[in-house]
Amino acid sequence: IVIGAFRHLKPQEEEEEITGGVMEIFVEPDLHFFSTDVDSFFCDMAGNSEIDEGFYSRQLYVLGHEAMRRMGAANVLIAGLKGLGVEIAKNVILSGVKAVTVQDEGSAVWSDLSSQFYLRECHLGQNRASCSLQQLSSLNPHVEVSAHTGPLDEELLLRFQIVVLTDSSLDDQKRFGQLCHSHGIKLIVADTKGLCGQLFCDFGEKFEVLERDGEMPASLMIERITKENPGRVIWTDDQKHGFSDGSKVVFSDVQGMTELNSIGPVEIKVCDKYSFSICDTSSFSEYERGGVVTEVKQPFQLDFKPLSEALHDRKLLILNDHGKISRHNTLHLAFQALHDFVKNKQRLPYSWCQTDADSLLEMVRELNTVAEVEQLDEAAVRLLSCTARGDLAPINAFFGGLAAQEVIKACSRKFTPLQQWMYFDALECLPEDKDRLAECSTDTRYDGQTAVFGASFQKRLGNQKYFLVGAGAIGCELLKNFALIGLGAGEEGHITVTDMDYIERSNLNRQFLFRSPDIGNPKSEVAAKAVCQMNPQMKITSHQNRVDAASEALYDYSFFKGLDGVAAALDNVEARVYLDSRCVLHQKPMLEGGTLGSKGHTLVVVPHLTEPYGPAKSSSSNAIPLCTLKNFPHRIEHTLQWARDQFEGLFKQTPENVNCFLRDPGFVERTLSHGDVEAMETLEAVWRGLQDMEAGGQRPKSWEDCVSWARCKWETLYNNDIRQLLHCFPPDEVTSNGLPFWSGSKRCPHPLTFDPKNSTHVGYVMAAAKLYGQTYGIKGTRDNGSIEQILEKVQTPPFNPKSSVKIHLTDQEMEEERQKESGDAGESEQVLLLSLEELKGKLSSLKNSAQMHPIDFEKDDDTNFHMDFIVAASNLRAENYDIPAADRHQSKRIAGRIIPAIATTTAAVAGLMCLELFKLVQGHKKIESYRTSYLNLAVQYFVLSQPSRPPDFQVSSAFIQPHSASAEKTQRGDRGLIHEPLSCLGPQQTLTVNTSIV
């Protein structure tokens with residue numbers, strides 16, 4: 001169903017026509033409105049401001065609820081719907097603004113098809129905006145999308161809060177820029193010409209930024225606070241702060257110097273990496289222990305100049321490639337000159353026409369008599385002229401991501417906007433030998449690309465064979481770019497894409513090739529079909545395989561030998577490292593990119609030239625010590641990881657062990673080989689899971705048994721275990737040095753008392769009982785009244801702390817104790833062995849029990865009680881230790897290990913990756929032609945640098961085994977890497993080896 005939706009229109013302007021189940025509302029002959037979701041339309045009309053957390057799941061972790069609500073009130077106009085315009089529109093619509101209007105008077109031509117992914121050959125000669133409307137509307141059911149096919153005028157612009165101009169004249173930019181500035185309309189100007197582009201922002205005067213960078217406020221545990229002027233705050237040494245001079249903080253849970261808990265934000269001055277100074281604390285009470293210091297984000301204001309003024313202020317240029325400072329300044333003049341060229345000659349410069357290039361250069365020199373740029377990059381001006389007719393998908397993808405991010409900043413007031421100009425070029429993509437450029441083709445879907453690179457390059461691009469690993473967010477963007485540039489679309493070309501995942505609803509907000517009807521289908525299969533519709537010439541095969549050691553029989557030497565390159569669109573380091581190792585082994589180039597919210601990076605690995613991705617860096621520094629999780633948590637991340645471990649142990653690991661015991665006769669003996677202590681824990685859990693509750697086990701027979709188990713588990717975790725800990729380490733415990741034991745990162749806990757009227761207490765019991773019953777195939781109820789009735793009858797066993805219990809303070813102490821116990825064969829060892837023998841006898845009588853149903857954690861299904869359990873379990877433990885609780889949204893991100901994601905960053909990263917692809921296909925041999933990039937769109941931070949060369953190392957002949965026929969076969973036939981026997985080295989010779997081929 002396609003249903004028209006409109007707002008802010010006068011009743012007399014409405015004209016409705018309903019035909020065949022489709023309603024189109026025509027406000028004027030050239031203005032059409034479409035919405036593809038009836039429910040969302042009527043919810044919006046009723047003023048429903050609820051955010052669809054299922055749809056915007058990953059983006060919410062980038063922007064937050066408040067910013068998303070502000071975006072939900074924004075009306076955006078995007079003028080110009082060529083390749084750049086449609087990229088911006090796609091990203092803005094996915095982001096979730098209220099309404100988007102796309103404006104374009106022009107008709108589709110052949111060159112549009114090289115970057116406008118919603119135009120087909122059948123659309124040639126038709127209006128670009130009208131042809132793209134239905135596809136744009138289907139991207140997000142919560143956004144009203146309309147098309148305006150008439151000219152831009154003041155009346156139209158005044159309807160919107162944000163205006164984006166693409167493919168516009170400088171006169172229009174100045175005229176509409178002044179209008180927008182004077183009426184408080186945020187203006188963004190974006191333009192791309194060939195391999196160059198520009199971006200401009202004007203958000204008016206006194207534009208308030210509510211949050212500078214989107215980073216989580218820093219929060220630290222306090223070790224000590226001095227009583228002096230100024231007071232000094234020292235925190236625990238397990239983490240470094242991110243504060244700077246002038247940052248403001250608040251204090252909470254400080255004991256002793258309680259005055260700090262009630263004062264407002266305090267400005268700080270950093271002393272060193274583990275301390276800062278605050279206000280005068282000399283008159284405050286003496287500090288005792290505890291406390292948390294938390295950063296307070298401060299809003300700030302920015303003033304923008306209108307475009308006509310900013311045009312002459314080169315201080316407003318934001319640099320992105322520090323090796324091209326003079327080029328950025330030159331391009332600022334060159335784009336102005338290009339506008340004058342078009343105005344005078346009514347056309348862009350002809351491709352690779354030296355006469356036009358000379359004319360443009362002369363115009364730039366004339367402008368520079370006023371601008372006085374010290375060093376003009378005249379070569380860049382000539383190349384801009386020669387490539388200005390080009391319309392390249394990767395450049396548009398990059399600028400489309402950046403411009404859409406500025407739209408988000410304008411309507412959400414989150415993140416720091418661009419102030420105010422930015423230029424970018426990828427002229428190093430051109431052939432290192434410019435004479436190789438051939439004549440441009442005409443009337444083909446690649447006209448916008450051959451205008452830059454020539455027809456012979458297009459043929460080479462079409463005959464490439466590439467392997468894309470991953471069809472998620474970056475994978476979708478790469479496939480779209482591949483289709484537009486014609487990668488693998490030639491007679492000999494081919495693309496293989498693999499992704500083992502299936503489409504979920506949370507994917508739809510950024511993996512733009514997927515729609516609601518695709519949910520549950522393989523990502524690779526749906527993505528392949530979608531891009532074949534964009535470019536019917538594509539030759540693509542989809543797989544649903546994980547690329548790892550288990551699939552090496554499929555992705556073997558023969559497979560890699562037939563490839564020209566590999567693109568990695570993966571979401572974890574381990575998979576990247578493995579794929580990189582395969583590319584190094586088979587000497588294939590690899591394109592790699594990743595995102596984390598507004599941050600992104602790209603890397604190109606070129607055999608024999610650049611450093612490979614390399615082995616995974618150790619993440620042990622980020623691992624939470626076991627003793628911290630078990631007894632001494634001090635951050636919400638600790639309690640959430642503890643809750644996740646509880647889920648895995650109770651509802652997955654134990655049921656899996658039970659099933660292994662029931663079907664595998666060797667399970668017990670294999671478990672005993674792991675050590676007596678571990679075997680005892682595992683086998684006891686199996687026995688409890690199989691033995692009925694009446695006989696001392698924990699196997700339920702009814703829903704009432706599940707509730708009883710959950711209530712007793714609550715008592716054990718949140719009361720008994722805490723009482724035992726406090727018995728071992730009382731609140732007034734002191735260390736051997738006379739210092740308080742419960743200080744610094746050790747927060748003194750307190751036991752909880754179950755309250756049937758407390759929603760978190762009952763919520764834990766409900767979720768735990770439902771999940772426990774599910775592992776045994778027992779269905780329960782969601783009725784809280786029924787739960788309360790059962791709880792009234794539950795009797796929790798009495799508990800008395802034991803003095804014999806030993807609690808370890810560090811993981812090292814725990815490991816030393818374990819090794820000591822395993823080395824002792826004393827009386828305790830004999831007791832343990834007897835217990836194990838007794839347990840084996842008990843288990844032998846339970847072999848005929850019914851199997852259990854292990855539960856795999858799934859964070860995105862709000863009806864399965866998984867997150868209900870995690871949130872309740874974590875927040876109850878946080879209450880034990882006086883740690884601030886986390887809401888469901890924050891808990892899902894941390895416990896579910898969700899990677900924040902947004903379509904804007906994904907588009908920009910995929911664009912940069914494909915620019916490196918151009919260089920690989922060109923066969924560039926100079927390392928200075930390639931770029932590694934790091935970007936943060938939240939603060940307009942860009943670093944593009946030359947990749948590192950692979951380090952060399954020397955192998956002495958003493959370490960090389962004697963040559964043999966079999967060794968030579970291995971070296972040549974199976975690996976294809978070493979083509980001469982290494983035994984040719986003399987006894988004192990060494991072999992210098994480049995790590996890119998090892």
Side-chain angles (χ1 to χ4, degrees), residues 624 626 629-630 638-664 667 671 678 681-693 697-718 720-721 760-782 787 790-791 794 843 846 849-878 886 888 891-898:
I624 304 172
L626 288 176
L629 291 177
K630 288 169 67 73
H638 301 159
T639 65
L640 281 164
Q641 183 59 55
W642 176 88
R644 180 70 188 272
D645 292 344
Q646 286 284 315
F647 183 100
E648 295 294 324
L650 293 171
F651 310 124
K652 184 179 182 183
Q653 292 172 4
T654 296
E656 285 179 346
N657 287 337
V658 166
N659 292 347
C660 286
F661 165 76
L662 293 175
R663 65 172 177 258
D664 182 359
F667 172 78
T671 302
E678 183 180 339
E681 292 177 356
T682 302
L683 295 179
E684 274 190 338
V686 170
W687 178 81
R688 287 194 301 268
L690 290 171
Q691 186 61 264
D692 292 340
M693 288 184 172
Q698 295 182 349
R699 189 180 187 94
K701 292 182 177 179
S702 64
W703 169 241
E704 288 75 14
D705 286 347
C706 296
V707 175
S708 176
W709 172 88
R711 171 66 182 86
C712 292
K713 179 60 70 174
W714 190 102
E715 194 72 16
T716 298
L717 296 175
Y718 305 111
N720 300 348
D721 288 352
T760 306
H761 294 197
V762 177
Y764 174 90
V765 173
M766 168 72 84
K770 290 287 288 186
L771 294 170
Y772 198 64
Q774 185 179 333
T775 63
Y776 288 97
I778 296 174
K779 294 184 178 180
T781 178
R782 295 172 179 264
I787 296 286
I790 299 173
L791 288 173
V794 176
L843 284 170
L846 299 172
S849 303
Q851 289 203 352
M852 295 180 67
H853 307 283
I855 301 174
D856 290 316
F857 179 68
E858 172 49 61
K859 60 188 175 295
D860 289 322
D861 182 354
D862 289 334
T863 66
N864 62 11
F865 285 95
H866 295 193
M867 281 307 305
D868 298 79
F869 176 85
I870 295 292
V871 174
S874 171
N875 285 341
L876 286 168
R877 188 160 177 84
R888 186 184 184 92
S891 299
K892 181 187 285 190
R893 177 183 64 83
I894 298 171
R897 303 180 181 95
I898 290 175

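Quick caveat: nothing in here was measured; it's all calculated off a predicted structure. Residues take their numbers from the sequence shown, with the count starting at 1.
Without hydrogens or angle criteria, Tyr718 side chain to Ala873 main chain gives a donor-acceptor distance under 3.5 Å. The main-chain N or O of Ala872 is never found under 3.5 Å from a side-chain atom of Thr760 such that the two would form a donor-acceptor pair. Checking side-chain atoms of Tyr776 against main-chain N and O of Ala850 turns up no donor-acceptor pair under 3.5 Å.
Using a 4.5 Å heavy-atom cutoff, the side chains of Thr682 and Phe661 are not in contact. Counting heavy atoms from C-beta on, the side chains of Thr639 and Asn875 never come closer than 4.5 Å. Contact of the Val871 side chain with the Lys892 side chain is not registered, since no non-hydrogen atoms from C-beta on lie closer than 4.5 Å. The shortest distance between side-chain heavy atoms of Gln691 and Leu846 falls below 4.5 Å. Trp642 has its side chain out of reach of Ile624: every pair of non-hydrogen atoms, C-beta onward, lies at least 4.5 Å apart. Here the side chains of Phe857 and Lys652 are not in contact, with every heavy-atom distance at 4.5 Å or above. Contact check for Leu650 versus Trp709: side-chain heavy atoms found under the 4.5 Å cut-off. By the 4.5 Å heavy-atom criterion applied to side chains, Leu771 and Asp868 are not counted as neighbours.
Within the model, atoms CD of Gln851 and CG of Leu690 stand 10.0 Å from one another, a figure rounded to the nearest 0.5 Å. Separating the CG atom in Leu843 from the CH2 atom in Trp687 is a distance of 9.0 Å, to the nearest 0.5 Å. The OG1 atom of Thr775 sits 12.5 Å away from atom NZ of Lys770, with the distance rounded to the nearest 0.5 Å. Atom-to-atom distance recorded for Lys859:NZ and Ile894:CD1 is 14.0 Å, nearest 0.5 angstrom. One distance of note links CD1 of Ile870 with OG of Ser891; it measures 9.0 Å at 0.5 Å rounding. How far NE2 of His853 is from CD of Gln774: 9.0 Å, rounded to the nearest 0.5 Å.
Contact record, Met693 with Gln698: CE-O, 3.8 Å, taken as the closest heavy-atom pair. Residues Arg644 and Arg897 approach most closely at NH1-NH1, 2.7 Å, considering heavy atoms. Contact detail for His638 and Leu629: the closest heavy-atom pair is O-CD2, 3.3 Å. Summarising the geometry of Ser874 relative to Ala643, their closest heavy-atom pair is N-CB, 3.8 Å, with the distance given to 0.1 Å. Pairing each heavy atom of Ile778 with each of Trp703, the nearest pair is CG2-N, 3.8 Å. Minimum heavy-atom separation, Val794 to Cys712: CG1-SG, 4.4 Å.
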* To do: May I have the step-by-step check of side-chain contact (heavy atoms from CB on, under 4.5 Å) for Asn659 and Met852, ending in yes or no?
  => CA-CA 6 Å; Asn659 292 347; Met852 295 180 67; 4.0 Å; yes
* Full working for side-chain contact (heavy atoms from CB on, under 4.5 Å) between Phe647 and Ile855 -> CA-CA 9 Å; Phe647 183 100; Ile855 301 174; 3.8 Å; yes
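Residues Asp645 and Gln641 bring a donor and an acceptor atom of their side chains to less than 3.5 Å of each other.
Residue pairs meeting the salt bridge (charged side-chain N to carboxylate O under 4.0 Å, His left out) criterion with at least one member in residues 702-714, sequence neighbours excluded: Arg711-Glu715.
At a threshold of 4.0 Å, the pair Arg888-Asp862 counts as salt-bridged, since one of the basic side-chain nitrogens sits closer than that to a carboxylate oxygen.
Aromatic pair Phe865/Phe869: ring centres not closer than 6.0 Å.
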